[in-house]
Amino acid sequence: MNVFNYFEVQIIAVLEALTREGKLPQGLDFTRVTVEPPRDANHGDLSTNAAMVLAKPAALAPRAIAEMLAERLRPLESVTEVSIAGPGFINLRLDDAFWCARIADVLAAGPRYGESTAGQGLRTNVEYVSANPTGPMHVGHCRGAVFGDALASLLVKAGYDVTREYYINDAGGQVDVLARSAYLRYREALGETISIPEGLYPGDYLVPVGERLKAEHGDRLLSLDEAEWLPIARDTAIDAMMALIREDLAALGIAHDVFFSERTLHASGRVEETLEALKAKGLIYQGVLAPPKGKLPDDWEERPQTLFRSTDFGDDVDRALKKSDGSWTYFAADIAYHRDKYLRGFRNQIDVWGADHSGYITRMQSAVKAISDGNAALDVKICQLVKLFRRGEPVRMSKRSGSFVTLRDVVDEVGRDVVRFMMLMRKNDAPLDFDFAKVTEQSKDNPVFYVQYAHARIQSVLRNAGKDLGEELTPALLAGAGLSGLRDEAELALIKWLAAFPRQVELGAEAHEPHRIAFYLYDLASMFHSLWNKGKDDPALRFIIADDRPLTLARLALISAVGHVIASGLAILGVEPAQEMR
RNA sequence: GGUCCCGUAGCUCAGUUGGAUAGAGCAACUGCCUUCUAAGCAGUAGGUCGCAGGUUCGAGCCCUGCCGGGAUCACCA
């Protein structure tokens with residue numbers, strides 16, 4: 001149950017009744033009426049802006065509307081207090097029994113708590129990672145991978161029908177470079193001494209590809225022209241690189257539903273088809289682009305190009321679809337790809353890109369509008385750079401020497417859970433510092449451990465509880481607990497925060513911001529640790545009270561619910577909850 | 001020079017899509033371990049939300065213009 005939605009429905013029902021009675025004018029728009037937790041909990045449990053939002057269109061004073069509304073809200077079940085404050089806020093307070101009943105919601109739903117139907121099964125495609133298949137993933141891919149995966153999980157939780165997709169860029173010049181690099185390793189496998197020229201991939205992850213080419217083709221490829229061996233070497237190498245990448249992703253706990261090959265777009269003629277469709281709409285023309293403002297590129301030459309009218313859709317300049325050699329640009333194929341997604345039924349598309357592609361967003365969104373006649377929406381989430389540190393010192397990486405940090409290095413060193421959580425402790429569009437020393441530190445400075453520790457503490461109490469109760473603590477026993485004994489402010493605050501989880505899921509999903517879940521969990525852990533320590537100061541607040549079985553069960557139900565919500569939230573982030581930390 | 005992102009406490013960052021007196025953590029200072037895990041908790045202190053206008057009942061959030069930092073800039077992918 002989303003408490004806030006629940007009361008929003010009731011408040012709007014009251015507004016409709018007032019309208020029918022002629023106390024509010026006909027035809028008011030209630031969509032801007034919201035029910036939220038007030039910023040300051042002292043104001044109440046729920047707050048609505050209805051009176052302020054409706055004042056102007058209704059031509060009434062906010063307080064007049066508020067008075068009318070408040071009068072009708074007071075009799076509602078569970079409402080103990082309705083007050084009008086500030087410029088016209090209506091604050092509601094709900095009785096303890098209502099809040100305690102939310103614990104039962106959590107226990108009944110278990111790991112499913114927080115699931116919502118807000119997404120209404122909207123088919124949604126989240127494309128993320130999409131690293132070029134030219135080598136193992138490096139640390140730069142890490143953030144987008146985790147972000148996209150968590151976002152996808154969050155959307156699933158919120159009721160969207162999500163496909164996780166990886167776009168394999170296997171059609172451009174870089175895979176030919178890969179093929180030549182692999183062919184060199186092939187010759188090496190056949191006994192030649194090789195040196196790797198500048199411009200080819202030096203990484204020794206291609207050595208097994210050379211071996212494999214040797215195993216499959218013997219020395220047959222040596223006598224072939226490049227035009228003949230290149231496709232063979234390329235396919236083998238791409239296949240091997242994708243296998244590497246899938247392993248890297250698996251190490252992060254990521255599995256895509258669809259791996260989509262760019263090459264198949266070209267091979268099937270869908271690029272041409274897409275361009276024909278755009279041409280039919282009058283969006284393609286031969287033209288000459290004005291040179292970029294400011295300093296010109298050294299090799300700038302003015303020439304006619306095949307252009308897409310992205311300026312019709314808000315872009316700054318029209319964009320080229322063909323290269324000077326007549327082949328399609330990456331953009332042309334990308335339009336075809338996004339059109340393909342649209343034709344597969346995805347009107348809701350999300351791409352997760354690195355910061356270096358931010359200049360590409362507007363043209364891609366323009367293209368999606370064009371190919372879908374405005375029926376599909378593309379949201380592009382940009383993940384800013386991750387700066388690596390070791391005890392405060394930046395980690396230097398050089399591509400040329402091949403001394404870059406791979407994703408696997410990071411996962412192996414600090415663990416999947418730490419990587420995933422830390423990548424989500426920042427908004428995606430803010431840069432992120434990642435210090436190997438700090439993220440493995442086991443202290444409250446480290447949010448991963450802080451949240452994990454809360455969960456572990458809860459499990460510890462639940463494990464020990466059986467002894468004190470004299471019988472095994474079962475879900476049924478907890479479910480049957482009478483909850484009325486939970487009266488302490490800290491306990492109620494914790495319950496209210498638990499009840500806020502479904503709303504956080506919906507808001508986070510709608511905003512495409514999984515980091516909200518990480519922050520929510522951090523706050524939840526903090527409230528739990530606080531409650532725990534109250535038991536240190538005041539034994540009456542401990543979870544297990546020897547001579548009060550009903551209260552003990554109520555508190556165990558509460559912390560069990562906290563455990564469920566932590567586990568449920570961590571599941572969205574793809575992090576395992578810790579059962580024990582010693 | 002164009003475009004995009006960022007600018008909130010000394011530091012690192014949240015800020016419920018425009019709500020009430022702007023919040024955490026670190027660092028500093030003061031307390032809390034015979035008792036469910038001190039890997040924790042409580043408290044003190046710290047702010048002209050980059051600057052200036054605008055929009056309205058109301059702006060950290062929206063608009064315009066500046067200032068500062070980053071990314072990117074026909075044809076690569």
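Residue numbers start from 1 in every chain, and the chains themselves are labelled A, B, ... in the order their sequence lines are given, proteins ahead of strands.
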**Secondary structure of RNA chain B in dot-bracket form (Watson-Crick or G-U wobble, distances below 3.5 Å, | marking inter-strand pairs)** = (((((((..((((.....[...)))).(((((.......))))).....(((((..]....))))))))))))....
**Message:** Heavy-atom count check: over 12 atoms from other residues, nucleotides or ligands less than 6.0 Å from E472(A) CD?
**Reply:** no
**Request:** Taking atom P in both C5(B) and C41(B), compute the distance separating them and give it to the nearest angstrom.
**Result:** 37 Å
**Fill in**
Note: for H529(A) and E302(A) on RNA chain B, the residue whose nearest nucleotide lies more 5' is H529(A)
Where do N or O atoms of nucleotides 55-59 of chain B meet protein N or O atoms at under 3.5 Å, pair by pair?
residue, atom, partner, partner atom, Å
C57(B), OP1, K56(A), NZ, 3.1

**Message:** So G88(A), base contact, sugar-phosphate only, or nothing? Heavy-atom distance under 4.0 Å.
**Reply:** nothing
**Message:** On the nucleotide A42(B), are OP1 or OP2 found under 4.0 Å from the side-chain N or O atoms that K534(A) carries?
**Reply:** no
**Request:** Check every strand shown and say whether S47(A) touches a base, only sugar-phosphate, or nothing at a heavy-atom separation below 4.0 Å.
**Result:** base
**Message:** Tell me every residue that passes salt bridge (charged side-chain N to carboxylate O under 4.0 Å, His left out) with E301(A), counting only those two or more places apart in sequence or in another chain.
**Reply:** R303(A)
Under 3.5 Å, sequence neighbours excluded: what are the donor-acceptor pairs made by side chains of residues 458-468 of chain A?
residue, atom, partner, partner atom, Å
Q459(A), NE2, H455(A), NE2, 3.3
R463(A), NH1, Q579(A), O, 3.1
N464(A), ND2, S460(A), O, 3.2

**Prompt:** Pick the nucleotide of RNA chain B nearest each of P38(A) and D325(A); which residue has the one closer to the 5' end?
**Reply:** P38(A)
**Contact list for residues 420-433 of chain A, test salt bridge (Lys or Arg N to Asp or Glu O under 4.0 Å), sequence neighbours left out** = D149(A)-R420(A)
**Prompt:** Looking at E165(A), R270(A), E262(A), which hits side chain to side chain donor-acceptor pair (under 3.5 Å) with Y337(A)?
**Reply:** E165(A)
**Prompt:** Which class fits the ring pair H138(A) and H141(A): parallel under 30°, tilted 30 to 60°, perpendicular over 60°?
**Reply:** tilted
**Asked** Hey, does the side chain of Y450(A) come within less than 4.0 Å of C41(B)'s phosphate (OP1/OP2), counting only N and O?
**Response** yes
**Request:** Only counting residues at least two apart or in another chain, list the ones meeting salt bridge (charged side-chain N to carboxylate O under 4.0 Å, His left out) with R363(A).
**Result:** none
**Prompt:** For K427(A) and G15(B), is the shortest distance between a side-chain N/O and OP1 or OP2 below 4.0 Å?
**Reply:** yes
**Prompt:** Do any side-chain nitrogens or oxygens of K536(A) fall under 4.0 Å of OP1 or OP2 in G31(B)?
**Reply:** no
**Prompt:** For C33(B), is chi within 90° of 0 (syn) or not (anti)?
**Reply:** syn
**Prompt:** With distance as the sole criterion, do the side chain of R516(A) and the base of A14(B) form a donor-acceptor contact below 3.5 Å?
**Reply:** no
**Item:** F89(A)-A20(B) aromatic stacking (under 5.5 Å, under 30°)
**Value:** yes
**Asked** Got a sec, which pairs hit salt bridge (Lys or Arg N to Asp or Glu O under 4.0 Å) with one end in residues 494-511 of chain A, sequence neighbours left out?
**Response** D45(A)-K496(A)
**Pairs satisfying salt bridge (Lys or Arg N to Asp or Glu O under 4.0 Å), at least one member in residues 57-66 of chain A, at least two apart** = none
**Prompt:** What does E301(A) touch in the nucleic acid at a heavy-atom separation under 4.0 angstrom: a base, only the sugar-phosphate, or nothing?
**Reply:** base
**Prompt:** With distance as the sole criterion, is a donor-acceptor pair present between the side chains of D351(A) and H357(A) under 3.5 Å?
**Reply:** no
**Item:** Contact under 4.0 Å: W532(A) side-chain N or O vs A38(B) OP1/OP2
**Value:** yes
**Item:** Touch class at under 4.0 angstrom, heavy-atom based, for P431(A) against every strand present
**Value:** sugar-phosphate
**Request:** For A39(B), take OP1 and OP2 only and decide whether either is under 4.0 Å from a side-chain N or O of R457(A).
**Result:** no
**Item:** Sequence neighbours excluded - side chain to side chain donor-acceptor pair (under 3.5 Å) pairs with any residue from residues 533-545 of chain A
**Value:** none
List every contact pair, protein side and nucleotides 61-71 of chain B side both N or O, where the distance is under 3.5 Å.
residue, atom, partner, partner atom, Å
A71(B), O2', A355(A), O, 3.1

**Request:** Look at the side chain of N91(A) and the base of A20(B), then say whether one donor and one acceptor between them are separated by less than 3.5 Å.
**Result:** yes
**Message:** At less than 3.5 Å, do the side-chain atoms of S530(A) and the base atoms of A42(B) form a donor-acceptor pair?
**Reply:** no
Name the atoms and distances for all side-chain donor-acceptor pairs under 3.5 Å in residues 380-390 of chain A, with sequence neighbours left out.
residue, atom, partner, partner atom, Å
K381(A), NZ, H512(A), O, 3.4
R390(A), NH1, E413(A), OE2, 2.9
R390(A), NH2, E413(A), OE1, 3.1

**Asked** Looking at S526(A), does any N or O in its side chain come under 4.0 Å of the phosphate oxygens OP1/OP2 on A24(B)?
**Response** no
**Request:** Mind checking E510(A) for me? I need base, sugar-phosphate or nothing, with any heavy atom below 4.0 Å counting as a touch.
**Result:** base
**Request:** Using a 4.0 Å heavy-atom cut-off across all strands, classify E580(A) as base, sugar-phosphate, or nothing.
**Result:** base
**Request:** Could you name each residue pair satisfying salt bridge (Lys or Arg N to Asp or Glu O under 4.0 Å) that touches residues 313-323 of chain A, not counting sequence neighbours?
**Result:** D315(A)-R319(A)
